[in-house]
Amino acid sequence: MPRTWTHVGRCWTNGEPFLALDGELLPSWRGLTDEAYEALVPLLDYSLTGVPVGAGTAALVLTDPEIGDEGWLEVFRADDGSIAVVQASAGDYRGTLDAALAFPAGDEQVGDVVTVPSGRLAFISAALDGTGEDGAFLLPESPGPTPDSDVLDDGAATDASPLLVVPPGAFRLSVRWRTELYEDAVFARWLFTREG
């Protein structure tokens with residue numbers, strides 16, 4: 001039976017990757033203050049799907065420059081507990097997001113396992129700190145309709161990222177890189193599937 005997806009948040013990227021990590025690890029990521037992001041940049045590669053943070057691992061959502069240098073990463077939650085992040089570029093933005101979520105899994109890149117013992121899964125820009133003055137601005141997930149447009153509205157909170165409440169446990173990341181649906185519709189998808 002196909003999953004039913006609900007849009008729960010979005011992250012604005014200027015090309016920098018995002019981390020998905022347990023809320024307890026946020027103080028350990030010092031992307032700006034301790035230049036952890038600058039140290040990470042030379043290591044960035046499509047094969048890298050996780051980075052050590054404190055006593056755990058953060059999944060790496062490495063944006064695909066072939067889709068766009070900047071734009072929204074849309075975050076969805078499924079009825080089976082899966083979470084997806086989609087980067088898309090298309091004239092029919094909503095239709096492309098829907099197609100990305102429905103696209104079959106199977107030949108994707110299998111990535112790292114991310115444990116979330118606290119039950120709080122945070123998405124933050126790797127260029128920021130996890131907490132503090134230079135930390136990411138986290139907002140509780142906000143279920144709502146799938147966005148119709150990737151336009152950056154004047155009032156959009158481009159410094160905010162979603163914080164999801166999940167059952168404590170682990171997620172396996174799998175990545176589908178740039179996938180062309182038709183001439184002007186492409187997407188990449190990061191799928192977090194519950195383990196165990």
Side-chain angles (χ1 to χ4, degrees), residues 6 8-64 72-78 80-87 105 108-143 157-177 188-196:
T6 301
V8 295
R10 60 194 337 197
C11 315
W12 179 262
T13 175
N14 289 311
E16 80 278 13
F18 272 69
L19 302 178
L21 70 167
D22 183 81
E24 295 297 317
L25 297 177
L26 287 169
S28 299
W29 181 253
R30 311 291 286 170
L32 185 62
T33 304
D34 293 345
E35 299 182 353
Y37 176 58
E38 293 301 320
L40 177 63
V41 168
L43 307 176
L44 293 177
D45 181 89
Y46 285 138
S47 64
L48 185 67
T49 61
V51 295
V53 176
T57 298
L60 184 68
V61 177
L62 180 61
T63 56
D64 193 326
W72 292 111
L73 299 174
E74 308 291 358
V75 183
F76 297 86
R77 184 198 288 266
D80 68 353
S82 301
I83 294 164
V85 178
V86 179
Q87 178 187 14
E108 297 161 324
Q109 175 185 344
V110 177
D112 283 56
V113 172
V114 178
T115 57
V116 190
S118 75
R120 297 181 307 129
L121 179 63
F123 290 87
I124 65 167
S125 166
L128 299 175
D129 292 347
T131 58
E133 186 177 324
D134 296 314
F137 176 48
L138 294 170
L139 290 174
E141 63 184 282
S142 179
T158 57
D159 58 346
S161 301
L163 176 66
L164 281 60
V165 176
V166 299
F171 291 88
R172 166 74 67 182
L173 174 62
S174 61
V175 185
R176 171 169 289 285
W177 295 108
R189 181 183 69 191
W190 294 263
L191 180 63
F192 296 83
T193 306
R194 292 197 60 83
E195 291 232 315

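All figures in this text were calculated on a predicted structure; none of them were measured in a lab. Atoms considered below: every heavy atom in the structure, side chains included; atoms not considered: hydrogens, waters and symmetry mates.
Leu73 is not listed as a side-chain neighbour of Phe123, based on a closest heavy-atom distance of 4.5 Å or more. Using a 4.5 Å heavy-atom cutoff, the side chains of Ile83 and Val8 are not in contact. Side-chain contact between Leu19 and Leu25 is absent, with no heavy-atom pair separated by less than 4.5 Å. Within the 4.5 Å cutoff, the side chain of Leu48 has heavy atoms near those of the Leu40 side chain. A heavy-atom distance below 4.5 Å is found between the side chains of Asp129 and Arg30. The closest side-chain heavy-atom distance from Arg172 to Val110 is below 4.5 Å. The shortest distance between side-chain heavy atoms of Ile124 and Leu21 falls below 4.5 Å. Looking at Val85 and Phe192, their side chains come closer than 4.5 Å, going by heavy atoms from C-beta outward.
Note that CG of Leu163 and CG of Leu139 are 9.0 Å apart. Values are rounded to the nearest 0.5 Å. Expressed to the nearest 0.5 Å, how far CG of Leu32 lies from CG of Asp134 amounts to 4.5 Å. With rounding to the nearest 0.5 angstrom, the CZ atom of Arg176 is 6.0 Å from the CZ atom of Arg189.
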Please assess Leu44 against Leu60 for the test side chain to side chain contact (heavy atoms under 4.5 Å, CB included), listing each intermediate value before the final yes or no. CA-CA 9 Å; Leu44 293 177; Leu60 184 68; 3.8 Å; yes
From CA spacing to verdict: side chain to side chain contact (heavy atoms under 4.5 Å, CB included), Val61, Thr13: CA-CA 11 Å; Val61 177; Thr13 175; over 6 Å; no
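In this structure, Glu35 places its CD atom where only 12 or fewer heavy-atom neighbours from other residues, nucleotides or ligands lie under 6.0 Å away.
Panel note: side chain Ser125, backbone Ala127; a donor-acceptor pair is recorded below 3.5 Å. Judged by distance alone, the side chain of Thr63 and the main-chain N or O of Gly15 form a donor-acceptor pair under 3.5 Å. For Trp190 (side chain) and Gln87 (main-chain N/O), no donor-acceptor pair under 3.5 Å exists by modelled atom type. Checked by atom type and distance alone, the side chain of Asp34 never pairs as donor or acceptor with a backbone atom of Ala36 at under 3.5 Å.
Taking both residues in full, the closest heavy atoms of Pro117 and Pro168 are given as O-CB, 3.4 Å, listed atom of the first, atom of the second, then distance. Between Ala136 and Leu128, the closest heavy-atom pair is CA-CD1, 3.9 Å. Heavy atoms only, all atoms of each residue included: Val114 and Ala58 are closest at CG2-C, 4.3 Å. Residue Pro162 comes nearest to Arg10 through the heavy atom pair CD-O, 3.9 Å, listed as atom of the first residue, atom of the second, then distance. The two residues Pro27 and Glu24 have their closest heavy-atom pair at CD-O, 3.4 Å. Residue Trp29 comes nearest to Ala126 through the heavy atom pair NE1-O, 3.1 Å, listed as atom of the first residue, atom of the second, then distance.
Residues passing the salt bridge (charged side-chain N to carboxylate O under 4.0 Å, His left out) test with Glu141, sequence neighbours excluded: Arg77.
The aromatic rings of Tyr46 and Trp177 sit tilted relative to each other, their planes meeting at an angle between 30° and 60°.
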